[in-house]
Structures are given as structure tokens and as C-alpha cells.
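Before any comments, here is the structure.
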Amino acid sequence: MSDEKLTPRNVDFSEWYNQLVLKAELADYAPVRGCMVVRPYGWALWENIQATLDKRFKVTGHVNAAFPLFIPMSFLEKEKAHVEGFSPELAIVTIGGGEKLEEPLVVRPTSETVIGHMYAKWIKSYRDLPVLINQWGNVVRWELRTKLFLRTLEFYWQEGHTAHATEQEAREETRRMLGVYADFAINEGAVPVIQGIKSETEKFAGAVQSTSIEAMMGDTRALQSGTSHFLGQNFAKAFNIQYLDTNNTLQYVWTTSWGLSTRFIGAIIMTHGDDQGLILPPRLAPIQIVLIPIYKNDAERSAVMPVVERIKAELAEFRLKVDDRTEVTPGFKFNDWEMRGVPLRIEIGPKDVEKGTVAMARRDKPGREGKSFVPQAGLSRTVGMLLDEIQASLLARATTFRDSHIFDPKDYAELTEVVQNGWAYSYWCGDNECEAKVKEDTKATTRCIPLEQKEEKGKCIVCGKNAKRKVYFARAY
RNA sequence: CGGGGUGUGGCUCAGUUUGGCUAGAGCACGCGGUUCGGGACCGCGAGGUCGGCGGUUCAAAUCCGCCCGCCCCGACCA
């Protein structure tokens with residue numbers, strides 16, 4: 001139960017976040033450093049994320065499977081860039097059943113290698129393609145600095161792994177799934193995201209090209225909220241994933257991988273939350289409506305409760321909880337459910353029973369502004385409309401916030417300033433050195449080259465050389 | 001791994017500087033009662049190897065040494 005006020009966001013955003021995650025009972029610190037326990041309320045949110053994403057994966061033709069947690073060390077070593085990228089953060093099992101293992105086993109940091117191995121066994125002919133498999137699971141990356149949901153040693157995610165006959169098909173798949181992520185983030189999470197291409201230094205270890213959806217958090221820092229990679233034939237060649245084409249010629253497949261993790265819960269928290277606590281988008285909220293009966297004695301209670309029960313039944317299509325705890329006051333419950341981000345609160349007291357109304361409070365508008373009295377008649381429709389309105393207003397608010405913190409600096413000096421409290425959208429020549437200079441000077445990195453941009457010519461904001469593309473520079477999580 | 005901070009009931013902390021009675025408070029928890037439309041109140045109660053190990057001392061939460069955890073900042077990252 002939440003008992004105290006949060007540190008305000010503008011005092012210490014990071015502290016606000018930590019307190020919120022604990023007080024809203026989304027997660028807790030585990031006994032092992034850097035690991036978290038996802039608590040039932042947080043997991044319920046993740047289940048809703050899973051459900052809506054999984055539906056989209058099925059619509060785009062994917063099927064689920066499960067691959068093992070342990071991967072032979074030698075598998076990772078087969079793809080040079082891959083092992084170089086991941087080796088510093090591997091957890092490695094060297095003892096099993098009390099005996100030293102002949103070959104160490106890596107706890108998967110991602111599954112390209114083991115899945116590549118299996119695809120090599122399964123794929124023989126062009127008739128076997130494409131292979132469109134997704135897996136829901138956990139992975140381990142031995143991170144040095146951790147933060148609940150955003151970066152923990154172990155995290156939960158889905159990883160899609162596909163194999164295709166042609167480069168074009170694989171490139172299309174990469175973009176299709178990035179689009180699925182963007183659609184999910186925007187329409188389910190109300191988190192506005194920008195789809196774009198990662199720079200060479202920011203791309204996935206082993207990818208030819210990485211793409212991502214990038215979101216702006218409430219402190220203006222960027223959060224990579226989902227990624228989709230075109231892996232070319234890198235893993236196909238490392239694992240000998242070959243097929244016979246229609247001309248009976250042996251060809252390497254083209255593969256992709258794409259993932260979205262429990263980090264997205266962090267994105268939701270830091271996009272929508274306020275000083276009262278969490279604000280959940282109605283479409284993903286485990287509890288969409290909390291119903292609070294108000295009474296001060298048995299007579300009032302017996303008048304109120306039947307109405308509460310009736311309204312609960314009328315609103316059965318929504319995810320609704322009746323908070324009938326007797327040990328805490330209504331005022332406490334208001335704050336408690338606001339901390340947990342429930343989008344709508346309905347209060348039913350003696351006056352409402354008398355007048356045929358309910359008191360309705362929407363989470364996205366704090367205080368009196370968000371509170372109104374509405375008739376009990378037609379409540380289901382009212383509630384449905386309100387939830388849609390909250391969903392839309394959260395997205396609109398986050399989009400306005402983001403857009404008002406994206407700047408187009410005139411020169412490098414201005415860039416170094418704007419990235420302290422926002423993103424810079426500037427021409428970039430594509431040179432690693434320019435990227436590194438910005439990082440060194442400001443801690444801001446390139447986030448992505450957005451897919452949707454006109455091909456225009458400009459001068460690199462750093463070196464002044466000719467540039468064809470604009471990129472977002474931002475401090476990132 | 002470098003820098004900084006911190007560790008005392010479940011939580012937040014006081015006590016440590018200057019060693020000395022039975023280690024305290026608030027919140028949370030349990031019981032009883034009064035409350036209940038924006039974080040209620042009263043009474044009673046339970047709960048502690050003072051992060052760990054070692055040392056100094058008649059005596060250590062307090063002084064000394066080593067170790068460990070956690071948080072923040074940096075290098076690495078979904």
C-alpha cells in the first residue's frame with residue numbers, strides 16, 4: 001500500500017521513478033543485485049502488453065515456440081560481431097550436476113545463435129520459407145548499472161526470429177515488425193514513438209541494419225522502446241542456414257530479429273506518470289475502473305452496496321475492481337488508486353443513491369478538474385467514451401510534450417544546449433567521429449535516423465560537411 | 001570497475017562526534033472502539049544478532065581493520 005507522497009518529478013525524476021515502481025507495487029528489488037521481482041500488478045500490465053502484441057504477431061503470420069535458456073559458448077563465437085558485442089555481459093554456467101562442464105553454457109542474452117542452429121536443421125528448401133517464429137521468454141545480460149524495468153540483469157521480452165528467401169523479403173519483414181511495434185506503442189500504450197534507423201555504433205551486434213522505435217520520457221531523455229533488425233546473411237553464414245531455390249541452387253537465407261521487453265513498462269511510467277503516481281493507458285491498464293463505495297454506517301452501507309453491485313454488473317465489459325476495504329478511508333483509497341494509475345474512479349455514496357448519479361474521476365486530470373457527477377443511467381456508454389477519451393488525451397499530451405522538446409539547433413553550440421533538455425533534430429554526415437564528439441561533449445547519442453523524412457541536402461551540424469539525412473541526438477536511457 | 005553516499009524493528013530515521021542504565025520515535029502491522037464524499041483518531045500489543053567478521057576496552061550501535069549489500073554519478077547496454 002502506498003503511504004507517502006512521491007518525490008516530485010521536477011525535484012528528482014530518477015527518484016520519482018524508483019519510488020513509483022515500488023509504491024505502485026509494479027516491481028520490487030530481488031535478493032540478487034540488479035534483478036527484479038515483477039509483482040502481480042506489474043505482471044498483469046505485462047500480460048496485457050503481451051496479449052495485444054501477440055495478437056498482432058499472429059495477424060502478421062507468426063507462430064510461437066520456445067528455445068532453451070542455455071546456449072553452448074561456441075555458438076556465440078560463430079558470429080564475430082555478435083560475440084564481441086555480447087561477451088562483456090554474459091552469464092556463463094561452468095558447473096552442472098556438481099561437475100565441471102566440458103563446454104561452458106551461456107545463459108542466453110538473446111537467441112539468434114541457438115535459433116540459427118535449429119533453422120539450419122529445419123530449412124532445406126525454398127518451400128520451407130519463410131520461417132516466422134516468435135518466442136516469449138527471459139534473457140540475461142550482466143549489466144553494470146541497473147534500474148527497475150529499464151535495465152536489469154534478467155528481463156522478460158519477446159524475440160521474433162524470421163528467415164526468408166530474399167533480401168527484400170527480410171528487409172520488408174524488419175520494417176513490418178517495426179511498424180507493428182510503433183502501432184502498438186502509439187495505439188495501445190499511448191506512447192508516441194519515432195521509427196528510425198540506428199547508426200552503425202548503435203546497432204545490434206551482428207545486424208546489418210538495426211531499426212528502433214524511440215520515445216521521449218518525461219525528463220526528455222530518449223528510450224529505445226523496441227527494436228527490429230535486418231541481419232542480412234550474417235547468421236545464415238555463421239550457422240549454415242541454406243536452402244535449395246527453384247533452380248536447385250543452394251542459397252543462404254536472410255534473417256531478421258525483433259524484440260520488445262518489459263522495458264516498455266518503464267516507457268509507460270515515464271511517459272504518462274505524474275506527481276500523484278502512475279497513469280496507465282486504459283487499453284493496457286490491468287484495472288480500468290475502480291469502484292469505491294462510500295458509507296459511514298450500516299444503514300448507508302445497505303443502501304449503497306446493492307447499487308455498487310448493480311453497477312459492477314452493468315460494467316462487466318470493463319476491467320473493474322470494487323475496493324470494499326473497510327480498514328481504510330475513502331480518501332486513502334483515492335490516493336492509493338491514483339498511485340497505481342487506474343484510469344477511472346467511480347465513487348458511489350448515499351447522495352448518489354438518492355440522486356441516481358455517481359461521482360467520476362479521471363486519472364489524467366487531477367483534482368476537481370477531472371471529477372464530475374454523472375447519471376447512473378447509461379453509465380456503461382459514458383464510461384466507454386471516457387476511457388477512449390483518456391486514451392486519446394494521454395497520447396495527445398505526450399505527443400505535444402515531445403514535439404515541444406524537439407529542437408532544430410542552428411549550430412553546434414546550440415545543439416550542445418538543447419540536448420540538455422530535449423532532443424536535437426539535425427543534419428548528420430554519418431561519420432562516427434561526429435557522433436562520438438557529440439557524445440563526448442554532451443552525453444547525447446544519435447537515437448535514430450527517422451524513416452519518414454524528405455531526402456534533403458544540408459550541412460552536418462558537427463563538422464559542416466555535406467549531409468543527406470537528419471538524425472535525432474538525445475541523452476538516452 | 002572508478003568517484004560519492006549509505007547501512008539501527010517491515011519502511012523512514014534519531015542515537016555514533018565525546019564508548020556507560022533495559023536501543024528509541026514516526027509510519028506500517030495485530031486486537032478493541034470511535035470514524036468514513038481527498039491520505040482519520042484513541043487505547044493496548046507484537047516486532048531488533050544495531051549489514052557481517054575480527055580487534056581495542058571493565059564496557060562497543062558508538063573507536064579501529066577487513067569484507068558485503070544498496071542508492072546516485074561515470075564507462076557498457078533492450
Side-chain angles (χ1 to χ4, degrees), chain A residues 1-6 12-15 17-19 22-23 28-35 84-90 109-110 138-159 181 198 201-205 210 212-215 222-229 257-267 276-277 292-298 300-301 304 324-339 345-354 357-361 366-368 370-371 373 439-440 443 445 476-477:
Chain A
M1 255 190 323
S2 55
D3 50 350
E4 285 166 30
K5 284 200 166 132
L6 290 171
D12 186 341
F13 193 84
S14 177
E15 188 56 27
Y17 177 87
N18 290 337
Q19 291 177 2
L22 298 177
K23 285 174 191 285
D28 202 353
Y29 294 102
V32 177
R33 179 197 73 84
C35 291
E84 280 174 8
F86 279 107
S87 60
E89 50 189 72
L90 293 178
T110 179
N138 56 341
V139 286
V140 169
R141 299 179 186 177
W142 214 264
E143 303 289 351
L144 300 178
R145 275 192 62 203
T146 59
K147 199 171 177 68
L148 293 171
F149 289 118
L150 300 182
R151 189 176 303 103
T152 47
L153 300 201
E154 181 188 15
F155 60 90
Y156 302 88
W157 74 343
Q158 57 68 218
E159 44 179 326
Y181 287 154
K198 290 301 223 181
T201 53
E202 295 286 330
K203 80 178 182 188
F204 175 75
S210 287
S212 70
I213 51 171
E214 299 286 332
L223 185 75
Q224 178 174 310
S225 306
T227 48
S228 183
H229 312 291
S257 68
W258 26 276
L260 186 143
S261 75
T262 37
R263 172 180 259 200
F264 197 83
I265 292 176
Q276 296 303 312
I292 300 179
I294 312 268
Y295 52 80
K296 48 182 145 213
N297 51 47
D298 282 349
E300 288 187 356
R301 183 189 147 82
V304 164
D324 53 3
R325 286 178 292 177
T326 52
E327 67 273 21
V328 290
T329 62
F332 183 91
K333 293 176 185 177
F334 300 165
N335 287 283
D336 198 28
W337 292 109
E338 280 168 9
M339 183 68 76
R345 181 181 77 237
I346 295 175
E347 303 160 26
I348 301 176
K351 291 178 218 164
D352 297 301
V353 172
E354 207 175 295
T357 59
V358 301
M360 182 97 70
R368 197 176 298 166
K371 203 158 167 175
F373 294 88
K439 186 173 181 180
E440 167 120 17
K443 292 173 194 163
T445 52
Y477 276 100

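Within every chain, numbering begins at 1; the chains are lettered A, B, ... in the order of the sequence lines, protein sequences first and strands thereafter. Keep in mind the model is a prediction, meaning the values are calculated, not measured.
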- Query: Got a sec, which residues hit salt bridge (charged side-chain N to carboxylate O under 4.0 Å, His left out) with A/Arg263, two or more places apart in sequence or on another chain?
  - Reply: none
- Return the value, rounded to whole Å, for the distance between atom CD of A/Glu327 and atom P of B/rC29. 8 Å
- Message: Tell me whether A/Tyr17 contacts the main-chain N or O of A/Leu148 through its side chain, where contact means a donor paired with an acceptor under 3.5 Å.
- Response: yes
- Query: How would you list, by chain and number, every residue that makes a salt bridge (charged side-chain N to carboxylate O under 4.0 Å, His left out) with A/Glu202, sequence neighbours excluded?
  - Reply: A/Arg447
- Would you indicate what A/Gln224 reaches in the nucleic acid, counting non-hydrogen atoms under 4.0 angstrom: base, sugar-phosphate, or nothing? sugar-phosphate
- What is the distance from NZ of A/Lys23 to P of B/rC27, rounded to the nearest Å? 15 Å
Enumerate the protein-to-nucleotides 31-37 of chain B contacts in which both atoms are nitrogen or oxygen and the separation is below 3.5 Å.
{"residue": "B/rC36", "atom": "O2'", "partner": "A/Tyr295", "partner atom": "O", "Å": "3.3"}
{"residue": "B/rG37", "atom": "O6", "partner": "A/Gly349", "partner atom": "N", "Å": "3.4"}
{"residue": "B/rG37", "atom": "O6", "partner": "A/Gly349", "partner atom": "O", "Å": "3.2"}
{"residue": "B/rG37", "atom": "O6", "partner": "A/Pro350", "partner atom": "N", "Å": "3.0"}
{"residue": "B/rG37", "atom": "O6", "partner": "A/Lys351", "partner atom": "N", "Å": "2.7"}
{"residue": "B/rG37", "atom": "O6", "partner": "A/Asp352", "partner atom": "N", "Å": "3.4"}
{"residue": "B/rG37", "atom": "O6", "partner": "A/Asp352", "partner atom": "OD2", "Å": "3.4"}
{"residue": "B/rG37", "atom": "N1", "partner": "A/Gly349", "partner atom": "N", "Å": "3.4"}
{"residue": "B/rG37", "atom": "N1", "partner": "A/Asp352", "partner atom": "OD2", "Å": "2.4"}
{"residue": "B/rG37", "atom": "N2", "partner": "A/Glu347", "partner atom": "OE1", "Å": "3.4"}
{"residue": "B/rG37", "atom": "N2", "partner": "A/Asp352", "partner atom": "OD2", "Å": "3.0"}

- For A/Glu84, what residues pass the salt bridge (charged side-chain N to carboxylate O under 4.0 Å, His left out) criterion, not counting sequence neighbours? A/Lys80
- Message: Going by side chain to side chain donor-acceptor pair (under 3.5 Å), name the residues that satisfy it together with A/Glu89, two or more places apart in sequence or in a different chain.
- Response: none
- Task: Quick one: list whatever passes side chain to side chain donor-acceptor pair (under 3.5 Å) with A/Arg141, sequence neighbours left out.
- Result: none
- Item | Separation of atom CZ in A/Phe332 from atom C1' in B/rA40, rounded to whole Å | 11 Å
- Non-hydrogen side-chain atoms of A/Trp157 and A/Thr262 separated by less than 4.5 Å: no
- Message: So, using side chain to side chain contact (heavy atoms under 4.5 Å, CB included) as the criterion, who are the partners of A/Thr329 when residues are at least two apart?
- Response: A/Phe332
- Under the side chain to side chain donor-acceptor pair (under 3.5 Å) test, residues paired with A/Ser14 that sit two or more places apart: A/Lys147
- Taking CG from A/Leu150 and P from B/rC76, how many angstroms apart are they, rounded to a whole number? 18 Å
- Residues forming a side chain to side chain donor-acceptor pair (under 3.5 Å) with A/Asp12, sequence neighbours excluded: none
- Query: Within the structure shown, what part of the strands sits under 4.0 Å from A/Arg368 by heavy-atom distance: base, sugar-phosphate, or nothing?
  - Reply: nothing
- Starting at NZ of A/Lys333 and ending at P of B/rA40, how long is that distance when rounded to a whole Å? 11 Å
- Task: Figure out the CG/C1' separation between A/Asp28 and B/rG10, and round it to whole Å.
- Result: 11 Å
- Message: Over all strands shown, is A/Thr152 touching base, sugar-phosphate only, or nothing at heavy-atom distances under 4.0 angstrom?
- Response: base
- Under the salt bridge (charged side-chain N to carboxylate O under 4.0 Å, His left out) test, which residues partner A/Lys371, sequence neighbours left out? A/Glu347
- Item | Spacing between A/Leu153 atom CG and B/rC76 atom C1', to the nearest angstrom | 13 Å
- Message: What is the distance, to the nearest angstrom, from the CE atom on A/Met339 to the C1' atom on B/rG39?
- Response: 10 Å
Provide a list of protein-nucleic acid N or O atom pairs under 3.5 angstrom, restricted to nucleotides 67-72 of chain B.
{"residue": "B/rC70", "atom": "OP1", "partner": "A/Arg33", "partner atom": "N", "Å": "3.2"}
{"residue": "B/rC72", "atom": "OP1", "partner": "A/Asn18", "partner atom": "ND2", "Å": "3.1"}

- Task: Would you classify A/Glu300 as touching base, sugar-phosphate or nothing, given that sugar-phosphate means primed atoms plus P, OP1 and OP2, and contacts are heavy atoms under 4.0 Å?
- Result: nothing
- Which dot-bracket string describes RNA chain B (Watson-Crick N1-N3 plus N6-O4 or O6-N4, or G-U N1-O2 and O6-N3, all under 3.5 Å; [ ] crossing; | other strand)? ((((((((.[[[[.)....(...]]]].((((((.....)))))).....[[[[[..)....]]]]])))))))....
